[in-house]
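Below: one structure, written as structure tokens.
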2 protein chains.
Amino acid sequence: MAALRSDAARSRERILDVARREDPSDLRFNHIAREAGVGVGTVYRHFPTAHALTEALAAETLSAMVTISRDAAAESDDATALRAFVGAALQLQLENGGLQAVLLSPDDEDSSVREMKREIFATFTTVLDRARRSGVVRPDLSVEQIEHLICGMEHAVRLGSPEHRGTFLDVLMAGLRA
Amino acid sequence: MAALRSDAARSRERILDVARREDPSDLRFNHIAREAGVGVGTVYRHFPTAHALTEALAAETLSAMVTISRDAAAESDDATALRAFVGAALQLQLENGGLQAVLLSPDDEDSSVREMKREIFATFTTVLDRARRSGVVRPDLSVEQIEHLICGMEHAVRLGSPEHRGTFLDVLMAGLRA
DNA sequence: CGTTAAACGGATACTTCATCCGCTTCACGA
DNA sequence: TCGTGAAGCGGATGAAGTATCCGTTTAACG
């Protein structure tokens, strides 16, 4: 990432500040531009596509997820580690509405996003392997399938009240058991 | 529903035939009109909103769901009845991409849709009550929460391959258990 | 300061949506 | 069979939103 000119850096931050408050699944570039006090062209130059903007918004949540996933992996009890990981993923996906799309997207435009995703999936693979070996999870579920199940739970929570998160996480964890 | 004039009935069927083949979450009226060989105005007259069209498409699936839910309720084993109901709901929602929206919508434009939904939810309430009484399901889950969980599973299956439906249904049913 | 490349803004052309109304077709009674 | 009016049809059209392009402005640096 070449150093940004000061005005460019300012524009970028203004745009991100506004975009954070918008519905991640319905980013309107013209509207964001007006709110941010910049021209539409400026928004499109910084973020050529809606997905590029979603990725930029996801970057900080993703960085938190890296930390949390390391912590989960450090947990000594295999079942607890799995629950910590899945619970954190669900929580963060609920907090950042664009995260699901970024996690599921096969090709990332931003290379730091790609690297963080790689680490998260690698860590999860380790945690899941441990859980499988100690027999606390169905052996036929893949990392990908569990990610999809987490996205499904995110969707379910969004349909109702956020306070159902705990219950739905319990349902998922019980369902994952061998 | 006042009797339709013959040309109106023909237009309606043509529109529904085309719409059935489209992505239910992205119904483009102009496109449907062109494909169906009718004017855009005709599409809008028959279906004032995308939701009205989605409802019409959901009607036949909903009618199948009424039958299946009665069958499930007739099942003597409480746990089996619950699984039959949830499994059928998941299956039908996967077959008809617009069904989720219609089931979740609080106000239906079509009265027959409203009536079918009423019966389905009433039947499910009975099935769930039985399951609760015989202790085969967590007592703290409401009909609404379970519907949301089914929608979540639908989402999860759609993210991957349809062949994961069975596995994901198993995960959900295991998670629902007390 | 002067220079230049980077960044900016917003007019504009383009796409898609949904309405409205003059024309056509159907149903029905004579 | 035909006349009549209500119902239905079509697509031109204005509104709304998207993404690009290029003349102007601004930052960075010697």
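Letters go in sequence order (proteins before strands), and every chain restarts at 1.
- Rounded to an integer number of Å, the gap from CD1 of A:I32 to P of D:dT18 is 10 Å.
- Residues B:H164 and A:E144 have side chains that never bring a donor and an acceptor to within less than 3.5 angstrom of each other.
- What separates CZ of A:R45 from C1' of C:dC8 is a distance of 6 Å, to the nearest Å.
- Taking atom CZ of residue B:F47 and atom C1' of nucleotide C:dT19, one finds them 18 Å apart after rounding to whole Å.
- To the nearest angstrom, C1' of C:dT16 lies 11 Å from CZ of B:R34.
- In this structure, A:E35 places its CD atom 14 Å from P of D:dG17, rounding to the nearest Å.
- A salt bridge (charged side-chain N to carboxylate O under 4.0 Å, His left out) with A:R83 is found for exactly one of A:D77, A:D78, A:D170, namely A:D170.
- Two residues, A:G41 and B:A8, neighbour DNA chain D, and the one matched to the more 5' nucleotide by heavy-atom proximity is B:A8.
- Checking D:dA28, D:dT18, D:dG8 against the side-chain heavy atoms of A:S6 singles out D:dA28 as nearest.
- The phosphate of C:dA7 has neither OP1 nor OP2 within less than 4.0 Å of any side-chain N or O from A:S11.
- Rounded to whole Å, the distance from CZ on B:R14 to P on D:dG8 is 16 Å.
- Distance from the side chain of B:T42 is smallest to D:dG10 among D:dG10, D:dA19, C:dC8.
- A:H46 comes within contact range of the sugar-phosphate backbone alone, with a heavy-atom separation under 4.0 Å but no base atom that close.
- When the P atom of C:dA18 is taken as reference, atom NE2 of B:H51 falls 15 Å away, rounded to whole Å.
- Remark: side-chain polar atoms of B:E55 are paired, donor with acceptor, to backbone N or O of B:D110 under 3.5 angstrom.
- Distance A:F29 CZ to C:dG9 P: 15 Å, rounded to the nearest Å.
- Comparing B:Y44 and A:G37 by the nucleotide of DNA chain C whose heavy atom lies nearest to each, the residue mapping closer to the 5' end is A:G37.
- B:K117 contributes no side-chain N or O that, together with a main-chain N or O of B:P106, makes up a donor-acceptor pair within less than 3.5 Å.
- Nearest to the side chain of B:V40, among C:dC17, D:dG8, D:dG11, sits D:dG11.
- Between the A:R158 side chain and the A:L94 main chain, a donor and an acceptor come within less than 3.5 Å of each other.
- Checking D:dG11, D:dG8, D:dG10 against every side-chain atom of B:R5, the shortest atom distance belongs to D:dG8.
- Nearest nucleotide to the A:N30 side chain, out of C:dA7, D:dT18, C:dA27: D:dT18.
- Side-chain atoms of B:R28 and base atoms of C:dT16 include no donor and acceptor less than 3.5 Å apart.
- Within 4.0 Å (heavy atoms only), A:D7 reaches sugar-phosphate atoms of the nucleic acid but no base atom.
- Among the protein residues, B:R10 comes within range of the sugar-phosphate backbone only, with heavy atoms under 4.0 Å from sugar or phosphate atoms but none that close to a base.
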